[in-house]
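Beneath this line is the structure, given in structure tokens, with notes to follow.
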Amino acid sequence: MEKQAPTPEVLIWQLIGTSLAVVLIILLANLGVRQWQLKDPYVKNVLSLTGDPIRGHAIFQMNCSGCHGLQADGRVGPSLQGVSKRKSQIGLIHQVTSGETPPMPQFKPNPQDMADLLSYLEEL
């Protein structure tokens, strides 16, 4: 007996099912990464603190403005205007502390300074 080719409707449902499975896997992977990152004592500590955007601005001027500009509008490094809309707090902490995107150096401020810096970045 010959196998019949699947109908277009069956193919569409298979495509939808596969797409949903991929989206679910991506969401679960992101959730797992976030949970893992929240277990990092440094990240937990930073997120438990209340940041001061004025102190954060001073920290930014001393450490970041050489590349990101005095107004965080970009120079050697990209503009950080609206960065908190593009990256989560955990993502920003990782960006600052990891040094994974050269030429940005690895920079690990004390938790309060990082909370202050986050507070400033959220105002941009």
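Just so it is clear, the model here is predicted, and its values are computed rather than measured.
At least one side-chain heavy atom of Ile90 sits less than 4.5 Å from a side-chain heavy atom of Leu47. A heavy-atom distance below 4.5 Å is not found between the side chains of Cys67 and Arg75. Looking only at side-chain heavy atoms (C-beta outward), Ile93 and Asp40 stay at 4.5 Å or farther from each other.
To the nearest 0.5 Å, the span separating CD1 on Ile59 from CG on Leu121 amounts to 10.0 Å. With values rounded to the nearest 0.5 angstrom, Gln112 atom CD is found 8.0 Å from Thr50 atom OG1. In this structure, CG on Leu24 lies 12.5 Å from OG on Ser19, to the nearest 0.5 angstrom. Atom CE in Met62 sits 11.0 Å away from atom NE2 in His57 (nearest 0.5 Å).
Taking each heavy atom of Met104 and His68 in turn, the nearest pair found is SD-NE2, 4.5 Å. The two atoms that bring Tyr42 and Pro109 nearest to each other are OH-O, 2.6 Å, heavy atoms only. The shortest heavy-atom contact between Gln95 and Thr101 is NE2-OG1, 2.6 Å. Phe60 and Leu117 get closest at one heavy-atom pair: CB-CD1, 3.9 Å. Of all the heavy atoms in Ala72 and Tyr120, the pair that sits closest is CB-OH, 4.4 Å.
Asp116 contributes a side-chain N or O that, together with a main-chain N or O of Asp52, makes up a donor-acceptor pair within less than 3.5 Å. Judged purely by atom type and a 3.5 angstrom limit, Ser119 has no side-chain atom pairing as donor or acceptor with the backbone of Ala115. For Gln89 (side chain) and Ser84 (main-chain N/O), no donor-acceptor pair under 3.5 Å exists by modelled atom type. Listed for the Asn45 side chain is no donor-acceptor partner under 3.5 Å among the backbone atoms of Pro41.
Sequence neighbours left out, the pairs with a member in residues 98-113 that pass salt bridge (charged side-chain N to carboxylate O under 4.0 Å, His left out) are Arg55-Asp113.
In the hydrophobic cluster analysis, where Ile, Leu, Val, Met, Phe, Trp and Tyr join through side-chain heavy atoms closer than 4.5 angstrom, Ile16 is grouped apart from Val22. Hydrophobic clustering, with ILVMFWY side chains joined whenever heavy atoms are under 4.5 angstrom apart, keeps Leu92 apart from Leu49.
No more than 12 heavy atoms of other residues, nucleotides or ligands shown are found within 6.0 angstrom of CD on Gln71. Atom CG of Leu11 is surrounded by more than 12 heavy atoms from other residues, nucleotides or ligands within 6.0 Å.
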- Under the side chain to side chain contact (heavy atoms under 4.5 Å, CB included) criterion, do Phe107 and Thr97 qualify, and how do the steps go? CA-CA 5 Å; Phe107 172 58; Thr97 62; over 6 Å; no

